[in-house]
Amino acid sequence: KHWRSYYKKEPVVVVDIDIENYLNELIKRLCAGAPAYARQFEYRVRLFSSDEFIARAERGGVIFISLGVLKNATSEDYMPSILAHEIGHIALRHSTAHETYNAMLVNEYVLVDSELEKKSEKISREQDINRKQLLEFLKRDCADRMHMWAAKFSAAQETEADIFGVRLMMAAGLDPRGLATFFSRL
C-alpha cells in the first residue's frame with residue numbers, strides 16, 4: 001500500500017528549518033562516503049505531520065519523515081540509521097523497479113483490452129459479456145501479480161537497503177547498530 005494512501009490528501013508538510021537542516025546535514029555526512037551512483041541524487045528531507053511511524057524514500061532523492069519518527073528517536077544513531085536506509089532505497093532505485101513492473105502489467109492489460117476492442121465490432125452480445133468478464137479477470141490478475149511482486153521483492157529490497165545503510169553509516173564513522181534499534185521498534 002502506498003504510504004500516501006493512508007491520507008485522503010497529501011500529507012501536511014511541516015516547515016521546521018532547524019530540524020530539516022540538521023537532517024540534511026546528516027544526509028551530507030552519510031553521502032560523503034557513498035558510492036558514486038548514490039551521490040548522483042540531491043537528497044533532502046521533508047517532514048510531515050503524523051504521529052504514525054513513517055519514513056519513505058521517493059524517487060529522485062526526497063525522503064519524507066513523519067513527526068512520529070522524530071518522537072521515537074531514542075539515540076543519536078537513530079536518525080542517521082533511518083536516513084541511511086532510505087538513501088539506500090533511492091540509490092538502489094527500488095521505487096523505479098516497482099513502477100516499471102507495474103507499468104508492464106498495466107500495458108499487458110491495455111494491449112489485451114485493445115485487441116478485444118478491435119474484435120468487438122463483430123461479436124454477439126454473449127461474446128461481449130464474455131469479453132467484459134475476461135477484462136475483469138485480467139484486472140484482478142494484474143492487481144494480484146502487482147501485490148505478489150511487491151511482497152516478494154519488498155523483503156529483498158528492505159534487506160538491500162539495510163546493507164546499504166550499514167555501509168553508509170560505517171563509511172561516515174557512525175554506529176550502524178542504530179539501524180537494529182530502528183527496526184526493533186517497528
Side-chain angles (χ1 to χ4, degrees), residues 1-34 38-39 41-102 143 146-186:
K1 192 171 188 180
H2 194 275
W3 73 275
R4 286 187 180 161
S5 65
Y6 289 103
Y7 303 94
K8 293 188 175 28
K9 57 182 182 176
E10 291 292 309
V12 177
V13 175
V14 176
V15 179
D16 189 319
I17 300 301
D18 293 334
I19 295 174
E20 283 188 2
N21 285 341
Y22 169 73
L23 296 175
N24 286 319
E25 287 302 316
L26 283 176
I27 287 174
K28 287 179 188 172
R29 182 176 176 189
L30 288 165
C31 289
R39 290 191 312 266
F41 299 99
E42 186 179 321
Y43 299 100
R44 61 201 172 283
V45 171
R46 296 305 316 251
L47 299 174
F48 68 97
S49 182
S50 173
D51 288 333
E52 293 182 56
F53 191 99
I54 301 171
R56 180 69 187 173
E58 291 287 311
R59 192 176 55 185
V62 179
I63 300 171
F64 286 94
I65 304 285
S66 70
L67 294 179
V69 171
L70 294 175
K71 290 175 186 174
N72 282 294
T74 55
S75 73
E76 192 65 29
D77 295 324
Y78 195 75
M79 288 311 298
S81 298
I82 293 169
L83 293 172
H85 175 86
E86 298 304 327
I87 289 168
H89 282 302
I90 294 167
L92 298 169
R93 300 176 188 270
H94 289 159
S95 65
T96 304
H98 282 278
E99 290 171 12
T100 301
Y101 184 77
N102 290 347
M146 283 181 196
H147 293 299
M148 288 182 343
W149 186 87
K152 178 181 176 184
F153 287 98
S154 288
Q157 289 174 341
E158 291 301 322
T159 300
E160 288 175 352
D162 292 345
I163 292 167
F164 189 93
V166 166
R167 289 179 178 155
L168 272 186
M169 291 191 68
M170 291 174 66
L174 297 167
D175 185 357
R177 289 178 289 187
L179 199 58
T181 303
F182 161 60
F183 286 113
S184 70
R185 300 200 69 188
L186 290 178

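Contact of the Met79 side chain with the Leu26 side chain is registered, since non-hydrogen atoms from C-beta on lie closer than 4.5 Å. Side-chain atoms of Leu70 and Tyr78, non-hydrogen and from C-beta on, never get closer than 4.5 Å to each other. Counting heavy atoms from C-beta outward, Phe164 and Leu92 have side chains that approach closer than 4.5 Å. Residues Val45 and Val62 form no side-chain contact, since every pair of their non-hydrogen atoms from C-beta on lies 4.5 Å or further apart. Side-chain contact between Leu23 and Glu20: absent, with no pair of heavy atoms (C-beta onward) separated by less than 4.5 Å. Under the 4.5 Å side-chain criterion, counting only non-hydrogen atoms from C-beta, Tyr43 is in contact with Ile90. For the pair Arg29/Glu25, no side-chain contact is recorded, criterion being any heavy-atom separation below 4.5 Å from C-beta on. Side-chain atoms of Leu168 and Leu174, non-hydrogen and from C-beta on, never get closer than 4.5 Å to each other.
In this structure, Arg59 places its CZ atom where only 12 or fewer heavy-atom neighbours from other residues, nucleotides or ligands lie under 6.0 Å away.
The line from CZ of Arg44 to CD of Glu58 is 10.5 Å long, rounded to the nearest 0.5 Å. Atom CG of Leu30 sits about 13.5 Å away from atom NE2 of His85, to the nearest 0.5 Å. Distance CG/Asp175 to CE/Met170: 10.0 Å, rounded to 0.5 Å. Taking CZ of Phe48 as the reference point, atom CD1 of Ile54 lies at 4.5 Å (rounded to 0.5 Å). The line from CD1 of Ile63 to CD of Glu86 is 6.5 Å long, rounded to the nearest 0.5 Å.
Taking all atoms of both residues into account, the shortest heavy-atom contact from Ala55 to Val69 is N-CG2, 4.2 Å. Here the closest heavy-atom approach between residue Ile82 and residue Phe53 is recorded as CD1-CZ, 4.2 Å. Looking at every heavy atom in both residues, Ala171 comes nearest to Gly33 through CB-O, 4.0 Å. Here the shortest heavy-atom pairing between Ser66 and Ser50 reads CB-O, 3.7 Å.
For the side chain to side chain donor-acceptor pair (under 3.5 Å) test, no residue two or more places apart in sequence or in another chain qualifies with Arg46.
For the pairing with His89, the side-chain hydrogen bond (donor to acceptor under 3.5 Å, both in side chains) check across Glu158, Gln157, Glu160 returns one residue only, Glu158.
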